[in-house]
Protein chains: 4
Amino acid sequence: MTKPLARAKARTKKPKSLRKGPDRRRQIIAAASELFARNGFEGTSIRDIAAASGVLSGSLYYHFPSKEDLLFTVHQESLTAMRQEVETAIAGISEPWKRLDEAIVAHCRILLGGSVTRAILTPPRYYNLKGVRKLVRQRDEYEQIFASLIDDLPLRADCDRHVFRLSILGAMNWTVFWYAAGGRLSVDDVGRQIALMVRGATSGATTKR
Amino acid sequence: MTKPLARAKARTKKPKSLRKGPDRRRQIIAAASELFARNGFEGTSIRDIAAASGVLSGSLYYHFPSKEDLLFTVHQESLTAMRQEVETAIAGISEPWKRLDEAIVAHCRILLGGSVTRAILTPPRYYNLKGVRKLVRQRDEYEQIFASLIDDLPLRADCDRHVFRLSILGAMNWTVFWYAAGGRLSVDDVGRQIALMVRGATSGATTKR
Amino acid sequence: MTKPLARAKARTKKPKSLRKGPDRRRQIIAAASELFARNGFEGTSIRDIAAASGVLSGSLYYHFPSKEDLLFTVHQESLTAMRQEVETAIAGISEPWKRLDEAIVAHCRILLGGSVTRAILTPPRYYNLKGVRKLVRQRDEYEQIFASLIDDLPLRADCDRHVFRLSILGAMNWTVFWYAAGGRLSVDDVGRQIALMVRGATSGATTKR
Amino acid sequence: MTKPLARAKARTKKPKSLRKGPDRRRQIIAAASELFARNGFEGTSIRDIAAASGVLSGSLYYHFPSKEDLLFTVHQESLTAMRQEVETAIAGISEPWKRLDEAIVAHCRILLGGSVTRAILTPPRYYNLKGVRKLVRQRDEYEQIFASLIDDLPLRADCDRHVFRLSILGAMNWTVFWYAAGGRLSVDDVGRQIALMVRGATSGATTKR
DNA sequence: CATGAATGAGTATTCATTCAT
DNA sequence: CATGAATGAATACTCATTCAT
């Protein structure tokens, strides 16, 4: 049932130095990000990436030992970008709920806004890769930001903070599957609405539609 | 170079038991559900499904004309099962919030409980199929249950009911990617917690962890 | 490179008696004729034939031990029908050229008119069958009619009667690939024109278009 | 159930000689020509062609995007070659019948002589391809040569030039199914005989065999 | 560093054939 | 006699990966 993808043998050559083209490497990562985001990992071929990088498929293997490895890199870089965005967003704020609000908006913004990251965090369970663990670890690390934001929240005693966090992440990440740019809502609107729901949509004046 | 087409080898072992009729169809659907859920559509090969159904790959085509068609069937059946579960759960209840609570619990229960349905509702956007439209229509129809439950809710005027619904669905469907049976939480616990979050986790006595 | 199609093992059961359904057998042959003619041997599946005979695929094997064998039967019957048509057509005629004329018209008529035979005589060389030899033998036997008609013709000494015969057959059989029913020309027109060409299209009044 | 994808086995034997560049493309076209001619399009597998080109099946797809496309190429090249042969043959001649004679001989010569072209012109009607139209167009274009040669001929008023042309083509193309190299007749003999028949085999001194 | 060509296991699907009922 | 279900080899095509140049 498992698909080991037992590739990527020799992992010898990789020039840590930036002799001439770290550009090329960046181009490849950018292209791969874009394509993985749009078509998924399995739906993107090495040739697609190569073509989008202005290179032939064989050449990719100079830069990355395997497709899987390229995914790890893209994933990592994406998460780093998200972390930065989120941390910047909550930097000056101290009120716990407000901090969560801003983190949510930031997460949605980069998720839906830039192709770099979109959808990369989606179910790594689907990727039948040897290295899913690694992906999961990378992602869990990022999600700790939210864990600690939630820790600071005054919540009902019967509220499971673990589930609370994962539900928020679910609500946010799911947007990738339904949000259509150019529609009625801006990317930030989406984030605001999720933040609203999380706070409890009842409070305040109410309407029954 | 030769294509001998040598058939009819040994026909020894076959357990006489699971050889009936419409059972086979069910077995296949069950196996496919499980595998699509675990590995995604593209990540599941016809051979995988066949093997899991105790059948050879060619035999599947007696029961289903294509892999895509099998997906449609699995998807449809799953949604029908979910609809029933959810409708049963809210049957005798009239208080709007309570109805939503129970719908959420029911949705999570069947999503996480039986392999038949699990995770089928996930992002059809990724499936590179001609018939995605069909899948999406099937799913949208099911989601209308939630749309109407939410319509009955007294919500703040600035709360977008559309996003509200999709966020709840996101939170619920995302559980598929993190929930591990046998852990601290029961399937119903998960549902209750999501219902709690949706109501506004602040209300009531609070703790800061 | 060869595709032996090593099927048709046991050739045991076949009820020479007409217990109940020689009809069924006829139905199958008729359906097969029609389909082989329209779609070619490789382009026709046993299931197609079964469906067209109002039977399930497994049942065919009661009547014919293999698809190949069915082809032999169809081929044989078609040739027999053609022979009859041609022999009838030349029956009362004695003038050699006239006899050939009529044979040509008859051959074309049945070839293009009834689906039973059409195209069956076409290149058995294409069929990668063990039994092509058999087909060829059947066909050669039929073609002897033309050989003897040509023997009776007064031809130029430098005319190779062998090539002459095969060229006529080529011209006639090729019609299958271009003749469209319902067009300007009737089936008999086609035969007449070929007969005309064979006689030497120059003789008589001439035009240069 | 596992899909090990174990690659990179032994890479021992490879004759260093036929490893160049555009040669490979030619080799493939040659092999495909030969095989399509012998076994038909449907009767030839991509693996057959690959094997005959000294290559593995996957490698073909580097050179041609599909089997159908390979057929188009082979077909096109063959027709181009035939056109050249025929046009060269009739170049210096002005007498209309003589021009047709030479065209016929040339057509047969290349049809039966080189494997490149042989039989490719046969009934595309059978090919179950999307692009049959394309093939037919290619072929019709070639056949115009004969149409115009025939236009220049003084023929009986009741002779249909359309059927006349198709019958000649039928007689010529049919040779592919019966001509055996190395027999009594040379390739050119066959062409001469067909030309003779077309002129009217009666004319001149006659014998009755 | 990059290319172009090849590799070969993998994919979904088809289909003649078998056979217990 | 017929059916329904299964078989398994075959088919066209894809794609991550390798490697000599």
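Not measured: the values here are computed from a predicted model. Sequence lines set the chain letters: A, B, ... in the order given, protein chains first and strands last, and positions in each chain run from 1.
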What is the distance from [atom1] of [X] to [atom2] of [N], rounded to the nearest Å?
{"X": "D/Gln27", "N": "E/dA6", "atom1": "CD", "atom2": "C1'", "result": "13 Å"}
{"X": "B/Glu42", "N": "F/dC15", "atom1": "CD", "atom2": "C1'", "result": "14 Å"}
{"X": "B/Glu68", "N": "E/dT11", "atom1": "CD", "atom2": "C1'", "result": "15 Å"}
{"X": "B/Phe64", "N": "E/dT14", "atom1": "CZ", "atom2": "P", "result": "15 Å"}
{"X": "D/Ile49", "N": "F/dA12", "atom1": "CD1", "atom2": "P", "result": "8 Å"}
{"X": "D/Ile28", "N": "F/dC13", "atom1": "CD1", "atom2": "P", "result": "14 Å"}
{"X": "C/Leu70", "N": "E/dC15", "atom1": "CG", "atom2": "P", "result": "16 Å"}
{"X": "A/Leu60", "N": "F/dA16", "atom1": "CG", "atom2": "P", "result": "10 Å"}

message: Taking E/dC1 as the reference, what is the distance to F/dT21 when you measure between their P atoms (whole Å, please)?
response: 22 Å
query: If you find the nucleotide of DNA chain F closest to B/Gly58 and the one closest to A/Ser59, which residue's nucleotide is nearer the 5' end?
result: B/Gly58
query: When you match C/Leu56 and B/Ser57 each to their closest nucleotide on DNA chain F, which lands nearer the 5' end?
result: C/Leu56
task: Would you check if C/Gln76 and C/Thr73 make a side-chain contact, meaning some heavy-atom pair closer than 4.5 Å?
output: no
query: What pattern of brackets, bars and dots sums up DNA chain F from 5' to 3', given Watson-Crick or G-U wobble pairs under 3.5 Å, [ ] for crossing pairs and | for another strand?
result: .||||||||||||||||||||
task: Using only side-chain N and O atoms of C/Arg24, determine if any of them is under 4.0 Å from OP1 or OP2 of F/dA2.
output: yes
Any donor-acceptor N/O pair, [X] side chain to [Y] backbone, under 3.5 Å:
{"X": "B/Thr44", "Y": "B/Asn39", "value": "no"}
{"X": "C/Ser59", "Y": "C/Val55", "value": "no"}
{"X": "D/Ser53", "Y": "D/Ile49", "value": "yes"}
{"X": "B/Asp69", "Y": "B/Ser66", "value": "no"}

[options]: which one has an atom nearest the side-chain heavy atoms of [X]?
{"X": "C/His63", "options": "F/dA2, F/dA5, E/dT13", "result": "F/dA2"}
{"X": "B/Ser45", "options": "E/dG4, E/dT11, F/dT17", "result": "E/dT11"}
{"X": "D/Lys67", "options": "E/dT3, F/dT17, F/dA12", "result": "F/dA12"}
{"X": "C/Tyr62", "options": "F/dA2, E/dT13, F/dT7", "result": "F/dA2"}
{"X": "C/Tyr61", "options": "E/dA2, E/dT18, F/dC13", "result": "E/dT18"}

message: Whether C/Glu42 and C/Lys67 form a salt bridge (side-chain N of Lys/Arg under 4.0 Å from carboxylate O of Asp/Glu) is what I want to check.
response: no
field: Base of F/dA16 paired with side chain of A/Arg47 (donor-acceptor, under 3.5 Å)
entry: yes
- request: First locate atom CG of A/Leu70, then atom CZ of A/Phe72, and finally report the distance between them rounded to the nearest 0.5 Å.
  value: 10.5 Å
task: Please list, chain by chain and in numerical order, all residues satisfying side chain to side chain donor-acceptor pair (under 3.5 Å) with B/Gln138, sequence neighbours excluded.
output: B/His75
query: Hey, does C/Ser53 reach any base, or is it just sugar-phosphate, or nothing, if we go heavy atoms under 4.0 Å?
result: nothing
- request: Select base, sugar-phosphate, or nothing to describe what A/Ile46 touches, counting heavy atoms under 4.0 Å on all strands.
  value: base
